[in-house]
Every structure is written in C-alpha cells, then in structure tokens.
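One structure is given below, encoded as structure tokens.
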Amino acid sequence: MSEYQPSTNCLHAGYVPGSGEPRNIPIVQSTTFRYATGEAMGALFDLEAEGYFYTRLQNPTNDQVAAKICALEGGTAAMLTSSGQAANFFAIFNIASCGDHVVASSAIYGGTFNLFAVTMKRMGIDFTFVGPDCTEEELEAAFRPNTKAVFGEAIANPALTVLDIEKFARCAHAHGVPLIVDNTFPTPIHCRPFQWGADIVTHSTTKYMDGHANAVGGAIVDSGKFDWNRYADKFPGLTTPDESYHGITYTERFGLGGAYITKATAQLMRDFGATPAPMNSYFVNVGLETLPLRVEKHCANAQAAAEFLASHPKVAWVNY
Ligand SMILES: *Cc1c(COP(=O)(O)O)cnc(C)c1O
C-alpha cells in the first residue's frame with residue numbers, strides 16, 4: 001500500500017481484514033503452528049514453502065506490523081526485532097562478518113556506538129567513524145577494500161544532526177556498498193530515507209512509533225534497490241549457496257527485493273532469536289495508527305519549548 005498517503009498506511013497497511021474478520025491485527029500468541037503432515041512442515045523448514053511454523057522465525061502479528069512499516073518506508077521487505085539494538089546489529093551483521101569493515105557516522109545513539117565500537121569490534125568487525133558533516137573527501141578516505149556498509153542516523157539521537165543522506169549514499173554506492181540509515185527520530189512521517197538514496201532503513205520502534213512507552217522493539221526495512229549481484233564478491237552470504245538451507249542462494253530464490261530480509265530472518269533470527277513478542281508488535285501497531293498526529297504534536301511542542309528557551313535571558317543556546 002506504499003502508494004497511499006502515510007496517514008492512510010498508518011491505519012490500513014499490512015493487514016486487510018476480510019469480511020467478518022477482526023478489525024484489529026490479531027495477536028497470534030502461539031509458539032508453533034499446526035500442520036497435518038511432516039512433509040508440509042519440512043517444506044517450510046527448508047524455505048521451499050511460505051508459511052508459519054515457529055514464532056522465533058516468523059509470526060503473523062509480527063509480519064503484519066512489519067508490512068505496515070515496510071509500506072510507510074516504501075520498501076520491498078521488512079522484519080521486526082525485539083529491540084532497536086537488535087535491528088542495527090542484524091542490519092550490519094547480515095552483510096559484514098569477522099574481517100570486514102564498516103564506515104559509520106559518529107553522530108549516533110550511544111548504545112549503537114557501543115555496539116559497533118566495542119561489541120562488534122570483539123566479533124572482528126572494524127568501524128571507522130566520520131563526522132556527519134565531513135567533506136566528501138574525508139568520507140572517501142574512510143573506505144577500505146573490505147568495507148561492507150555505511151551507517152548513519154537520519155536525525156541523530158541525541159545530537160540532532162541531520163545526515164546528508166544523498167552524500168553518504170553517493171559515497172557508499174561509489175564503493176559498491178549499501179547505505180543503512182537509522183530512521184528512528186524522523187520516522188517515515190518526516191523522512192523516507194529511500195527517496196534520498198538509502199538502501200536499508202532501521203528503527204527503534206520503542207520511540208515515536210510505539211509512542212506509549214509500553215513496548216521495546218525494532219525494525220529493518222529493505223528498499224530492494226541495492227544490487228547485491230553486481231558486487232557479488234563482496235556479499236557472498238547473499239549471492240552464493242547457504243549450506244544451512246540446502247544450498248539455496250538468497251538473491252536467486254528471493255530476488256533483490258527479498259534476499260536481504262529473508263537471509264536476516266532465516267539465519268540471524270534462527271541463530272540469535274531476537275524475536276519480538278506478538279503482544280509487543282500489537283502495541284507498536286496501536287502506536288503506528290496515531291503516528292502522524294503525534295509527531296505533529298511533538299514538533300509543535302518542541303517548537304514552543306525551543307522558542308521559550310531561546311528568548312530566556314539565562315539560556316545561552318538552544319539546539320533543536
Ligand atoms: C533508542 C535508539 C536505538 C536503540 O533502540 P532500543 O529499542 O532501545 O534497543 C537505536 N537507534 C536510535 C536512534 C535510538 O534512538
């Protein structure tokens with residue numbers, strides 16, 4: 001439903017009830033799903049058929065809310081995670097492993113900085129941090145032959161610097177790697193990073209999307225635009241057979257629109273299990289329904305607070 005206005009998608013995308021079906025997204029609070037035969041289950045296990053069998057991998061409630069966020073961002077595929085931390089970890093670990101390198105803006109959430117600079121470094125992934133306002137030459141200089149991605153926040157938490165998405169995307173693409181943008185702060189109501197060249201978007205849904213302080217969560221959305229096959233040697237995990245799934249190749253089987261998210265679900269959710277509770281996804285959906293109204297009010301409140309502070313004799317400067 002990405003052709004609709006965001007306010008329409010916030011209400012209707014991802015789940016369209018049939019006649020007599022529940023108006024709200026049903027909370028499918030079930031670990032497992034029943035099948036009549038072992039063969040039917042086996043086909044699901046081997047990614048040969050589509051369907052649900054175990055909530056760690058996929059769950060209808062989670063998928064319907066992911067589909068809503070996917071429509072809001074104008075992507076081709078999306079998945080929910082149990083937190084924003086898990087979303088950013090998965091987004092990068094899906095395409096970078098031990099021995100690889102990532103260029104990241106230094107103006108990012110503290111938890112993300114720690115994840116990258118300390119924990120992922122322990123996993124053998126090196127990060128080079130660049131100022132969000134760096135020149136294109138400085139950005140260029142950060143790349144290495146083993147660079148696999150560029151990462152930044154559309155509006156940084158808490159610095160509030162605005163990422164020049166076009167500049168970062170241009171440099172990433174010139175080096176044959178995708179730009180991953182954490183779009184938590186603007187939300188797709190204020191910014192849709194795919195329109196400016198980003199390839200993958202992440203979210204902490206915990207913040208404005210949920211909006212009621214009741215569910216920690218995250219999301220990853222793929223634009224489907226990055227051509228993994230063109231840089232196949234850089235991204236063997238997407239372009240060569242996965243032996244843990246009987247040798248399927250993600251780009252071949254799921255196309256450019258589905259390969260990245262399917263791989264993240266099939267491998268990273270399978271192995272790390274950062275699955276959101278269906279109940280939490282339901283809460284995120286309740287939040288999404290009013291997102292356009294709430295961000296408008298957030299902005300009006302922020303403007304009023306900033307103007308008050310800016311005119312206050314005891315306040316030296318205001319950043320907003
Ligand atoms: C909060 C936040 C995160 C981490 O998300 P959690 O849901 O707390 O794990 C990541 N990025 C940004 C921009 C955030 O504000």
Side-chain angles (χ1 to χ4, degrees), residues 62 65-66 68-69 72-73 78-94 96 102-121 125 127 129-132 149-165 168 178-194 196 198-222 264 268-269 272-288 291 294-295 298-299 302 319-320:
N62 297 346
V65 180
K68 178 174 282 189
I69 295 173
L72 284 167
E73 289 288 6
M79 69 197 284
L80 297 190
T81 56
S82 56
S83 68
Q85 287 298 102
N88 282 329
F89 172 56
F90 279 18
I92 290 179
F93 200 64
N94 202 31
V102 174
V103 176
S105 164
S106 59
I108 52 176
Y109 177 66
T112 309
F113 185 82
N114 201 71
L115 169 69
F116 290 174
V118 181
T119 301
M120 290 184 78
K121 190 173 168 51
I125 302 173
F127 287 78
F129 294 95
V130 295
V150 177
F151 180 93
E153 288 180 10
I155 297 178
N157 175 10
L160 301 181
T161 48
V162 177
L163 190 74
D164 185 341
I165 298 175
F168 275 70
L179 172 64
I180 302 171
V181 171
D182 181 332
N183 198 33
T184 298
F185 263 29
T187 81
I189 303 303
H190 285 312
C191 175
R192 303 215 296 167
F194 295 156
W196 308 102
D199 302 286
I200 291 146
V201 157
T202 60
H203 282 281
S204 166
T205 61
T206 315
K207 312 296 166 50
Y208 299 109
M209 280 190 171
D210 173 71
H212 297 72
N214 56 14
V216 171
I220 310 173
V221 189
D222 184 9
L268 301 182
M269 272 308 183
F272 290 105
T275 311
M279 183 78 173
N280 277 13
S281 300
Y282 175 86
F283 284 138
V284 172
N285 185 59
V286 172
L288 285 169
L291 183 67
R294 287 185 294 102
V295 292
H298 279 304
C299 290
N319 180 30
Y320 75 105

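Just so we're clear, the structure is a prediction, and the values are computed from it rather than from any experiment. For ligands, and for the atoms within them, numbers begin at 1 and follow the listed sequence.
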Is a side-chain N or O of T206 found less than 3.5 angstrom from the main chain of G217, in a donor-acceptor match? yes
Distance from atom 12 (C) of ligand 1 to nearest protein heavy atom, with residue and atom: D182 OD2, 3.4 Å
Considering non-hydrogen atoms of the protein only, which is the closest contact for atom 6 (P) of ligand 1, and what is the distance? G84 N, 3.3 Å
Find all atoms of ligand 1 within a distance of less than 4.0 Å from any non-hydrogen atom belonging to T206, and give their numbers and elements. 6 (P), 7 (O)
Under 3.5 Å: donor-acceptor pair, side chain of T202, backbone of N88: no
Within ligand 1, which atoms have a heavy atom of Q85 less than 4.0 Å away? 4 (C), 5 (O), 6 (P), 9 (O)
Does ligand 1 have any atom that is closer than 4.0 Å to a heavy atom of G217? yes
Beyond-backbone contact of E153 with P132, side-chain heavy atoms, under 4.5 angstrom: no
Atom 2 (C) of ligand 1: the protein heavy-atom neighbour that sits closest, reported with distance to 0.1 Å: K207 NZ, 2.4 Å
Should you measure from each heavy atom of E153, which atoms of ligand 1 turn up under 4.0 Å away? 13 (C)
Quick one: are the ring centres of F151 and F127 less than 6.0 Å apart? no
Of the options D182, L163, D164, which is the one that meets S105 in a side-chain contact (heavy atoms from CB on, under 4.5 Å)? L163
Under 3.5 Å, is there a donor-acceptor pair between the side chain of D210 and the main chain of T205? no
Check: of F113, F185, Y109, min heavy-atom distance to atom 4 (C) of ligand 1 comes from Y109
Can you tell me how far the NE2 atom of H298 sits from the NZ atom of K207, to the nearest 0.5 Å? 12.5 Å
Output the list of atoms in ligand 1 that are nearer than 4.0 Å to some heavy atom of T184, sorted by atom number. 12 (C), 13 (C), 15 (O)
